Colleague: 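Got a structure here, written out as structure tokens. Questions coming.
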Amino acid sequence: MHWADVIAERLAKQGDSHVIATGITPSGPIHVGNMREVLTADLIVRSCERIGIDAELVYIADTADPLRKVYPFLKDDEYSQHVGKALATIPSPDGNGNYSNYFLTPFFEALNDLGVEYRVVDSYQSYQEGKYTTAAKTAIDNREKIRDIISEISQRPLNDDWFPYNPVDDEGKMHGVKVTHCEWPWIEWQTENGHTGRTNIEKGGGKLPWRLDWPARWDWLNISFEAYGKDHSAAGGSWDTGQHLSPIFGSPPPMGMMYEWIYLKGKGAMASSKGNTVSGKELLDIVPPEIMRFLITRVKPSKHIDFDPGEGLISLADEYERLEQKYHTKLSTLEHKSVEESSRKEQQLIDEARKFELAQGIRSGTSYDGGLGISFSHLSTLCQIKSKNADLLDSLARTHGIDVTQPDSRLVDRVGRMRNWLNSEWFPENARIKLANSIDSRQFEENEIDFLNTFSDNIKEIRWIEDEILTAIRGTISTSELAPREAFTSLYRSLLDRERGPKLGALLAELEKQDILDLLDGIN
RNA sequence: GGGCCUGUAGCUCAGUCAGGUGGAGCGACGGACUUUUAAUCCGUUGGUCGCGGGUUCGAACCCCGUCAGGCCCGCCA
């Protein structure tokens, strides 16, 4: 059974209506690693829908979190003054609006692109509106008890002056602010510089520390499931203390599931603080949403993913396409048998089907149609040799029977992304089509050289269009002692310096005839 | 020091919760097709399940230990 379906079944045993939570701090570009959390939650929502139970995805934007430091992508002189302030209260790097929205906007665009449906809870706003007031009161009333629990579970004693609420000072900063006195709803504080003042908890004059904020929101949002990053999962970590603190706020803890991080191949864990990230938006600029979803659906959450935006992305797309074919030819009609009444082989097939279904951007309930039938590889070739979309569509009209006047919007969409990919730093060099610089005759047999020379002669007088080039190739093969396959391999090896390649007729037509002739002249 | 996750075919992963003859895809190899190929179809190959013990009639799976990689144990999220 697919892991998302396993979770859905467990949730179904607990009730028929669930709130699935996900939360990411918009302190920087929201990368593919962060997206795993939201997509994991989305898959579980969809699995719930499949078996007929209600599930709502709630995204908590941690906009009340303070800016921890000046990240590498920020200007030091501009942002050092804002360290410690809530993300929602500091200016955006581009000068428009606030900091958190600057990073949330592209993230939401990516989610919409991915077909994720969610409700946003803005934590800064929630504090302002008093949504956390009850929890804050509970936390302060139970200060001793909570301190004992955290100290015991995390194996680290908290200081005597520990207070379960972090107030902001008169500059809006939370770092290094000590609570000196509390008389509900007022909290008195002192900064490291000796400044004193007071803020109103009911008006969002600060926030709960993370270890309390988490279980507090479980209660007021009625969360029944949350996937959390592996950094939270160790004994004594925030998930662990949350389990014990949750009852104090009035609810049992939600069901949870740890997920592993996504690593950038060869560069370590994706982390915006280190700058080695691919944002969700960036990835969606170059591949369609179903490929990005497939990245997540194909592997259990406990596995780390070594994300390779180059060749790895090509194989991911290939794998997706093969699965798409298989799905439409044999998997879509598969009966969803229970684990008990099916063999492991059947289970593996059902898993594959689910990996595909859950990768679809469209919601359950709509039909999964036959796909585009045009492979990514072919598309990458076409985009490389046809610089104009009109020419590209003409080519597809001949080979794939598409309607040039009304091309499928998904096709146009994919072409756009493919062109972005080609123009990006990620597109792998060995998938790029380049005419060889020269031909090393020693690498070829005599009959191959004869063939290439004849071919060179045969194309001298033709018009440089796809049909005539093809005719010339065929004609040359028919008079050659080479088998067609060998002949084509010779052409690929000599012209492109590779064993295989895209359709030669279309490719050569896009290149300059004289360049081909010059190249072939080099043979002796 | 304490803990979590991962380790299964050359590669990417299922299978571990519910112990019962080790699976899939890719790759590689072979064949078919024979005037196109980053093609398709058919077939073959492939693994002391990280390592060592234990429990069991039977262990990839449960238990103990161990090695390797990653991560956590902060008034950070």
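Only this structure's heavy atoms are used, side chains among them; waters, hydrogens and symmetry mates stay out. A quick note: this is a predicted structure, and the numbers were derived from the prediction, not measured.
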Colleague: Base, sugar-phosphate or nothing for A:A431? Non-hydrogen atoms, less than 4.0 Å.
Modeller: base

Colleague: Applying a 4.0 Å non-hydrogen cut-off, can you work out what A:R10 is touching in the nucleic acid: base, sugar-phosphate, or nothing?
Modeller: base

Colleague: Would the A:F376 and A:Y320 ring centres measure less than 6.0 Å apart?
Modeller: no

Colleague: For each nucleotide in nucleotides 70-77 of chain B, reading 5' to 3', give B when a protein heavy atom comes within less than 4.0 Å of its base, S when such contact involves only the sugar-phosphate, and - otherwise.
Modeller: BSBSSBBB

Colleague: Hey, does A:S315 reach any base, or is it just sugar-phosphate, or nothing, if we go heavy atoms under 4.0 Å?
Modeller: nothing

Colleague: The criterion is side-chain hydrogen bond (donor to acceptor under 3.5 Å, both in side chains); which residues satisfy it with A:W189, sequence neighbours excluded?
Modeller: none

Colleague: Pick base, sugar-phosphate or nothing for A:R498, based on heavy-atom distances below 4.0 Å to the nucleic acid.
Modeller: base

Colleague: Give A:N430 one of three labels, base, sugar-phosphate or nothing, depending on what nucleic acid heavy atoms sit under 4.0 Å from its own.
Modeller: base

Colleague: Base, sugar-phosphate, or nothing: which does A:E319 touch, judged by heavy atoms less than 4.0 Å apart?
Modeller: nothing

Colleague: Under 6.0 Å between ring centres, would you say that holds for A:Y71 and A:F73?
Modeller: yes

Colleague: Given that both distances must come in under 3.5 Å, which nucleotide forms a Watson-Crick or G-U wobble pair with B:rA18?
Modeller: none

Colleague: Can you confirm if the aromatic rings of A:F107 and A:Y59 lie within a centre distance of less than 6.0 Å?
Modeller: yes

Colleague: If you measure only the distance, is there a donor-acceptor pair under 3.5 Å linking the side chains of A:Y327 and A:E357?
Modeller: yes

Colleague: At 4.0 Å (heavy atoms only), tell me whether A:T476 reaches a base, stays on the sugar-phosphate, or touches nothing.
Modeller: nothing

Colleague: At under 4.0 Å between heavy atoms, what does A:L504 touch on the DNA or RNA strands: base, sugar-phosphate, or nothing?
Modeller: base

Colleague: What does A:Q347 touch in the nucleic acid at a heavy-atom separation under 4.0 angstrom: a base, only the sugar-phosphate, or nothing?
Modeller: nothing

Colleague: Taking the six-membered ring for Trp, are A:W210 and A:W239 closer than 6.0 Å centroid to centroid?
Modeller: no

Colleague: Answer with yes or no after comparing the ring centroid distance for A:W218 and A:F249 against a 6.0 Å cut-off, counting only values under it.
Modeller: no

Colleague: Just checking A:G312: base, sugar-phosphate only, or nothing, at a heavy-atom cut-off of under 4.0 Å?
Modeller: nothing

Colleague: Of all of residues 301-309 of chain A, which get a heavy atom below 4.0 angstrom from RNA chain B, listed by number?
Modeller: A:S302, A:K303, A:H304

Colleague: Under 3.5 Å, which protein N or O atoms sit close to an N or O of nucleotides 60-66 of chain B? Give each pair with its distance.
Modeller:
{"residue": "B:rA60", "atom": "N6", "partner": "A:R344", "partner atom": "NH1", "Å": "2.8"}

Colleague: Give me, pair by pair, the N or O atoms of the protein and of nucleotides 29-33 of chain B that are less than 3.5 Å apart, along with how far apart they are.
Modeller:
{"residue": "B:rC33", "atom": "N3", "partner": "A:R485", "partner atom": "NH2", "Å": "3.0"}
{"residue": "B:rC33", "atom": "N4", "partner": "A:R485", "partner atom": "NE", "Å": "3.4"}
{"residue": "B:rC33", "atom": "N4", "partner": "A:R485", "partner atom": "NH2", "Å": "2.8"}

Colleague: Do the ring centers of A:Y99 and A:F103 come within less than 6.0 Å of each other?
Modeller: yes

Colleague: Applying side-chain contact (heavy atoms from CB on, under 4.5 Å), can you list everything that pairs with A:S47, at least two apart in sequence or on another chain?
Modeller: A:A4, A:D5, A:A8, A:R354, A:L358

Colleague: So which heavy atom on A:H232 is nearest to which on A:S238, and how close?
Modeller: ND1-OG, 2.9 Å

